[in-house]
There are 2 protein chains.
Amino acid sequence: MKRAHPYDREKALDAAQDLFWRKGYHATSLKDLEAALAMKPGSIYAAFKSKEALYLASLERYFLSGRHALREQMAGAGTVLGGLADHLRSHGNMTGETSDGRACMIVKTLLDTTDDDGAVSDRARAYFEAMRDEFARFFRKARDNGELPPDADPDRLARRYQANITALRVEAHLGGDPAGVKDLAASMARDVENLQVGGGTHQH
Amino acid sequence: MKRAHPYDREKALDAAQDLFWRKGYHATSLKDLEAALAMKPGSIYAAFKSKEALYLASLERYFLSGRHALREQMAGAGTVLGGLADHLRSHGNMTGETSDGRACMIVKTLLDTTDDDGAVSDRARAYFEAMRDEFARFFRKARDNGELPPDADPDRLARRYQANITALRVEAHLGGDPAGVKDLAASMARDVENLQVGGGTHQH
DNA sequence: CTCACATTTGAGTGATCGCTCAAGTAATCT
DNA sequence: AGATTACTTGAGCGATCACTCAAATGTGAG
């Protein structure tokens, strides 16, 4: 090997992810990417084959880091349901003008692609379902360790949980009312905790 | 006036709305619109000033018809909470390959525009909040007529309700599992009904 | 140093973008 | 009828799109 990559691949991917996440696939132009990555078109195409491939790489990165964050948070949680509830609350506090205050990149991708966008649409769908499986895994664990009643349906709960996360991120995307978003997250988190056997039905 | 409009404005708007809704603002080209509306570029610009203006007109149409449908459904409902619950269930049954099985156009617009998309982004946000107000109005009504306890917070409930609708439409957008979506809607609807005073906490 | 090659460069590709407007067509007037 | 006006037409505008490639540049080996 003659020369180490003089561009920082991680840094470039990070910038690409941020830009794609913010502007979306179709609204992001090569010009935008050239500026964000500080790379000329030729370099971009040498490093990442195409705009689509770069988007796929960015999306994968987003998915992996999101899943990692979830697993980390769950690993440090006292109870499974408590961890899931706290995860919702965490999302409720991500409301800034930074990347925190944005809708989920996977959902954004799902909504602005169609079948004729090729692999992008398919992969977004796959990641979305992978996250759902991830949630289901935790709910199953909660059922198996007695936090949830034996007849609880982990898949159903996971779908509902994911729906809450999705909507929460959309609300955060609006950015106008951080307190309202936090409140919404708290309300969702409480519902998760109330699933616990013997965890009475506290309202408000 | 010399000549009646030989193009059908309603029909054209309808086609534009359908196309924009499906493909999104940025991914829809003038070529696409020419085909969908069966109009040449000149006619399109004579009738609707610009692509952006046409999108705004389509979005307004979408908003008005959605709000109208909600009001109709609520007008025919026995109780306010029952009507809201049924509205969720209706969304749960919209899962086809047609326009039924799509995410909310307002949310789609919110997610694939930024501030530099000008009026489009602002209007989408306004419509989203108008729908929330609409829901809040119904929850307030439910509180005032005794369906909800006097200390219920209509704005908070509206936000939560809208979050459910949003997420439900995203799920329907995936299209893979109609039964799962219907089930999700049923679960959300039950939660709304359980808000009723004396309406015990039925699980499952 | 010189050579060999990996990597970067950026002007330039054809295609498509949103959009315009002079010319053409059809309907309604006198 | 001819004149007038309302509307449609579609070739084509400059700008931008995603992308390419021959030339320039930087690096490690001998």
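Only this structure's heavy atoms are used, side chains among them; waters, hydrogens and symmetry mates stay out. All chains are named by letter (A, B, ...) in the order of the sequence lines, taking the proteins before the strands, and each is independently numbered beginning at 1.
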Would you mind reading off the distance between [X] atom [atom1] and [N] atom [atom2], rounded to a whole angstrom?
X        : N      : atom1 : atom2 : answer
A:Asp117 : D:dA18 : CG    : C1'   : 14 Å
B:Glu34  : D:dT9  : CD    : P     : 11 Å
B:Met39  : C:dG18 : CE    : C1'   : 16 Å
B:Phe48  : D:dT8  : CZ    : P     : 10 Å
A:Leu37  : C:dT9  : CG    : P     : 12 Å
A:Ile44  : D:dC17 : CD1   : C1'   : 14 Å
B:Tyr45  : D:dT8  : OH    : C1'   : 16 Å
A:Leu30  : C:dT13 : CG    : C1'   : 14 Å

**Item:** Quiz item: cation-pi between B:Lys40 and B:Tyr45, 6.0 Å / 45°
**Value:** no
**Request:** State whether A:Phe20 and A:Lys51 meet the cation-pi test: NZ (Lys) or CZ (Arg) under 6.0 Å from the six-membered ring centroid, and within 45° of the perpendicular axis.
**Result:** no
**Asked** Sequence neighbours excluded, which residues qualify as ring pair (Phe, Tyr, Trp, His ring centres under 6.0 Å) partners of A:Tyr161?
**Response** A:Phe135, A:Phe139
**Message:** Heavy atoms from C-beta onward define the side chain here; which of C:dG18, D:dC19, C:dC19 lies closest to that of A:Lys51?
**Reply:**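 Comparing C:dG18, D:dC19, C:dC19 against the side chain of A:Lys51, the answer is D:dC19.
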Using residues 27-36 of chain B as the side-chain source, report each donor-acceptor pair under 3.5 Å to any protein atom, sequence neighbours left out, with the distance given to one decimal.
from, atom 1, to, atom 2, distance (Å)
B:Thr28, OG1, B:Gly24, O, 2.6
B:Ser29, OG, B:Lys31, N, 3.4
B:Ser29, OG, B:Asp32, N, 3.3
B:Ser29, OG, B:Asp32, OD2, 3.2
B:Asp32, OD2, B:Lys23, NZ, 3.3
B:Asp32, OD2, B:Ser29, N, 3.1

Pairs: protein N or O with nucleotides 10-15 of chain D N or O, under 3.5 Å:
from, atom 1, to, atom 2, distance (Å)
D:dG10, O6, B:Gly42, N, 3.2

**Message:** Does this structure show an ion pair linking B:Glu52 with B:Arg123, if we count only N-O contacts that are shorter than 4.0 Å?
**Reply:**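 Not counted as a salt bridge, because no side-chain N and carboxylate O are separated by less than 4.0 Å.
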**Asked** Under 4.0 Å between a Lys/Arg side-chain N and an Asp/Glu carboxylate O for B:Asp8 and B:Lys11?
**Response** no
**Request:** Would you kindly compare A:Asp32 and A:Lys49 by the position of their nearest DNA chain D nucleotide and give the one closer to the 5′ end?
**Result:** A:Asp32
